[in-house]
Number of protein chains: 2
Amino acid sequence: MKATVPITTAQLRSACSQCNLLELCLPFGMDEQEIQRLDELVGTRRKVKRQQPLYRAGDPFEAIYAIRVGWFKTDVVLEDGREQVTGFQMTGEMLGLDGISTETHSCNAIALEDSEVCVISYSRLEELSREFEGLQHQFHKVMSREIVRDHGVMMLLGSMRAEERLAAFLLNLSQRFTARGFSGVDFHLRMTRDEIGSYLGLKLETVSRAFSRFQEEGMVEVQQKHVRLVDLPQLRKLIQHPVGR
Amino acid sequence: MKATVPITTAQLRSACSQCNLLELCLPFGMDEQEIQRLDELVGTRRKVKRQQPLYRAGDPFEAIYAIRVGWFKTDVVLEDGREQVTGFQMTGEMLGLDGISTETHSCNAIALEDSEVCVISYSRLEELSREFEGLQHQFHKVMSREIVRDHGVMMLLGSMRAEERLAAFLLNLSQRFTARGFSGVDFHLRMTRDEIGSYLGLKLETVSRAFSRFQEEGMVEVQQKHVRLVDLPQLRKLIQHPVGR
DNA sequence: CGCGAGTTTGAAATTCTTCAAGATCGGTGG
DNA sequence: CCACCGATCTTGAAGAATTTCAAACTCGCG
């Protein structure tokens, strides 16, 4: 664990105008001047240690969050303890949109590794997006994208079998890593088999077996959390032409 | 099939200010004067016959829709023909939010019975919601509610077994019928077993069997599409205390 | 009255889960 | 530096849930 380096307030304040996540984040589509105004929107950053919550179901909703560095999972927990992971979020992605509807967060957001987020005051965001068409539009797109993503997950959970689900999951990660300039064929999973299983509606053993089968078939190389996608086309085929249906 | 009655343009134009769906729809939270301005937002209504699409995946996105009367399903279809129903929408609910993100609809919206929707120009909605805080806020809530709903469906698909899924589905319908002033214990399903199955990630036979079991246990009375929920508490218990886990 | 779409039911097949036992990894302390 | 620990992961075998296949039934409608 790194020692915490004291930082000044100035450092704590984010500058959207200088952030390299610009195109992935809210400011996309705004002009330079507008983006400068955005700096007032993002009040502070916040660090969240591995396994710690950024927010919890039931917390009052005040802000949404843009991930600067790190990984999170969001999950919903039933009374009887069953957990459903509803998503994994990485650098450049948004968290907290679930809270707008009831002004209370409806899921937990937990850091999968030491992470840092930009805190975006929701009331300020609404104000500013009444002023800037570009911001408004981009924000709506971000919300809509989340809805579309969720439909994809429903497809996965409702219509695919175990190996297809895992293949789809890996391809999705691959695409997101690529979009952020990381390798899309060689990466490190931040989540456990159990968490993947929860997300995919499978038991951890089933996830593990699917990984093993992929490895046997020479599609991926897996060593615990490290994954190498050796045969992307084959993985894609797996989804489009599922065996035996 | 009813004969199409000729209607005047005046009738075709919706008047939000006079609509009895006010509290269920976008205008919620706006004052009277603001709502009058809304009338310019909703250009026209549109009738959609049973089995006909309101929009299809790939269609350019221009408007969102508020259902005045009727029922729809939204679905995503994979290349190999597998269909995943992503939702069932009834009177007072919104359709089309999926299109904002890419300016192209990402799913199909099909009428389950002869229906009628208010067509809400999206660009006008963005304009007006820059002007009216109440409208803006309500619109954001509607989108966020959709996200929360989707998380609920993921929970259902990922963590529940067949009978729990059906129970949750029936309770959800019950609650929505009640919210609209219809009976929440005695209603007519607009969708087939196959569509329910697709939504719940089950085969139609499994849905049918679950219905039969509920009937045997005296929780519901089913006759084809007609459903009577005889023992709501028992149905609720089924979700919270699933058997054998 | 019969047709067809939609539904129900049974029995066999399949997929996934459960239970159980080891294996592996990263980190910790002697 | 190495042995050990807990957490995580893998693998096998048995069991359970769901699907598949097949056949019969029901109901509204022409």
Side-chain angles (χ1 to χ4, degrees), chain A residues 1-2 50-51 73 81-85 110 112-114 156-167 169 188-217 220-227 238 242-245, chain B residues 1-2 50-51 73 81-85 110 112-114 156-167 169 188-217 220-227 238 242-245:
Chain A
M1 193 177 0
K2 275 186 301 188
R50 183 176 137 82
Q51 303 287 33
K73 69 170 176 184
R82 278 182 289 183
E83 178 200 34
Q84 175 68 35
V85 171
I110 313 281
L112 295 176
E113 60 183 28
D114 292 0
L156 194 131
L157 291 170
S159 309
M160 295 184 167
R161 42 190 50 191
E163 293 186 8
E164 295 175 68
R165 295 185 200 185
L166 185 62
F169 173 68
H188 182 83
L189 300 172
R190 322 292 153 137
M191 61 294 282
T192 65
R193 299 288 188 265
D194 197 26
E195 288 164 333
I196 296 173
S198 171
Y199 181 63
L200 299 179
L202 302 169
K203 293 296 150 187
L204 69 96
E205 294 96 328
T206 308
V207 174
S208 179
R209 278 185 248 270
F211 267 124
S212 301
R213 286 251 354 239
F214 287 176
Q215 176 137 303
E216 283 168 31
E217 318 246 309
V220 310
E221 288 169 17
V222 202
Q223 274 178 301
Q224 308 275 119
K225 296 240 161 81
H226 184 257
V227 172
L238 200 53
V243 284
R245 281 218 188 175
Chain B
M1 195 179 358
K2 275 187 299 188
R50 184 176 136 81
Q51 303 286 33
K73 69 170 176 184
R82 279 181 290 182
E83 176 201 33
Q84 175 68 35
V85 171
I110 313 282
L112 296 177
E113 60 184 26
D114 292 359
L156 194 131
L157 290 170
S159 308
M160 292 184 169
R161 45 190 48 193
E163 294 187 8
E164 296 175 69
R165 294 185 200 185
L166 185 62
F169 173 67
H188 182 84
L189 300 171
R190 323 291 154 135
M191 60 292 283
T192 66
R193 299 288 187 266
D194 197 26
E195 288 164 332
I196 296 173
S198 171
Y199 181 63
L200 298 179
L202 302 169
K203 294 296 153 188
L204 69 95
E205 295 95 329
T206 308
V207 174
S208 178
R209 278 185 246 272
F211 267 125
S212 302
R213 286 249 357 239
F214 287 177
Q215 176 137 303
E216 283 167 30
E217 318 245 309
V220 309
E221 287 168 18
V222 202
Q223 273 178 302
Q224 307 276 118
K225 295 242 161 77
H226 184 257
V227 172
L238 200 54
V243 285
R245 281 219 186 173

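So that the names make sense, note that chain A is the first sequence line, chain B the second, and so on, each numbered from 1.
B:K203 has no side-chain polar atom (N or O) that falls below the 4.0 Å cut-off from OP1 or OP2 of D:dC21. The shortest distance between the side-chain N/O atoms of A:T192 and the OP1/OP2 oxygens of D:dA7 is not below 4.0 Å.
Distance B:L202 CG to D:dT20 C1': 14 Å, rounded to the nearest Å. Rounding to whole angstrom units, CG of residue A:L166 and P of C:dT15 are separated by 16 Å. A straight line from CZ of A:R213 to C1' of D:dG12 spans 16 Å, rounded to a whole angstrom. Here the C1' atom of nucleotide D:dT18 and the CE atom of A:M160 are 19 Å apart, to the nearest Å. One atom, CZ of A:R209, and another, P of C:dA21, lie 15 Å apart when rounded to the nearest Å. Here the P atom of nucleotide C:dG26 and the CG atom of A:L189 are 14 Å apart, to the nearest Å. Atom CZ of A:R193 is separated from atom C1' of D:dA7 by 13 Å (rounded to the nearest Å). Separating the CZ atom of A:F211 from the C1' atom of C:dA23 is a distance of 18 Å, rounded to the nearest angstrom.
Under the 3.5 Å distance criterion, the side-chain polar atoms of B:Q84 are matched with a main-chain donor or acceptor of B:S198. Put simply, the side chain of B:R190 never gets that close to the backbone of B:L112: no donor and acceptor are under 3.5 Å apart.
Contacts of B:T206 with the nucleic acid, taken as non-hydrogen atoms under 4.0 Å apart, include base atoms. When heavy atoms are screened at a 4.0 angstrom cut-off, B:G197 is found touching no nucleic acid atom at all. Residue-level contact check: A:L204 touches the bases, meaning some heavy atom is under 4.0 Å from a base atom.
For B:Y199, the ring pair (Phe, Tyr, Trp, His ring centres under 6.0 Å) partners two or more places apart in sequence, or in a different chain, are B:F88, B:F169. The salt bridge (Lys or Arg N to Asp or Glu O under 4.0 Å) search around A:E205 returns none, not counting sequence neighbours. With sequence neighbours left out, B:R193 forms a side chain to side chain donor-acceptor pair (under 3.5 Å) with no residue at all. Considering only residues two or more places apart in sequence or on other chains, B:Q224 meets the side chain to side chain donor-acceptor pair (under 3.5 Å) condition with none of them.
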**Item:** Sequence-aligned protein contact record of nucleotides 22-30 of chain D, with B where the base is within under 4.0 Å of a protein heavy atom and S where only the sugar-phosphate is
**Value:** -----S---

**Message:** Let's go through B:I196 and B:L166 carefully: what are the C-alpha distance in whole Å and the side-chain angles of both, what is the deciding distance for side-chain contact (heavy atoms from CB on, under 4.5 Å) to 0.1 Å, and is it a yes or a no?
**Reply:** CA-CA 9 Å; B:I196 296 173; B:L166 185 62; 4.3 Å; yes

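Side-chain atoms of A:S208 lie closest to D:dC9 of the nucleotides C:dG10, D:dC9, D:dA17.
With the end axes of the helix from C:dC1-D:dG30 to C:dG30-D:dC1 each set by five pairs, the angle from one to the other reads 30° at 10° resolution.
You'll find the side chain of B:V222 stays beyond 4.5 Å of the side chain of B:F214, heavy atoms only. Residues A:L156 and A:E164 fail the side-chain proximity criterion, which asks for heavy atoms closer than 4.5 Å.
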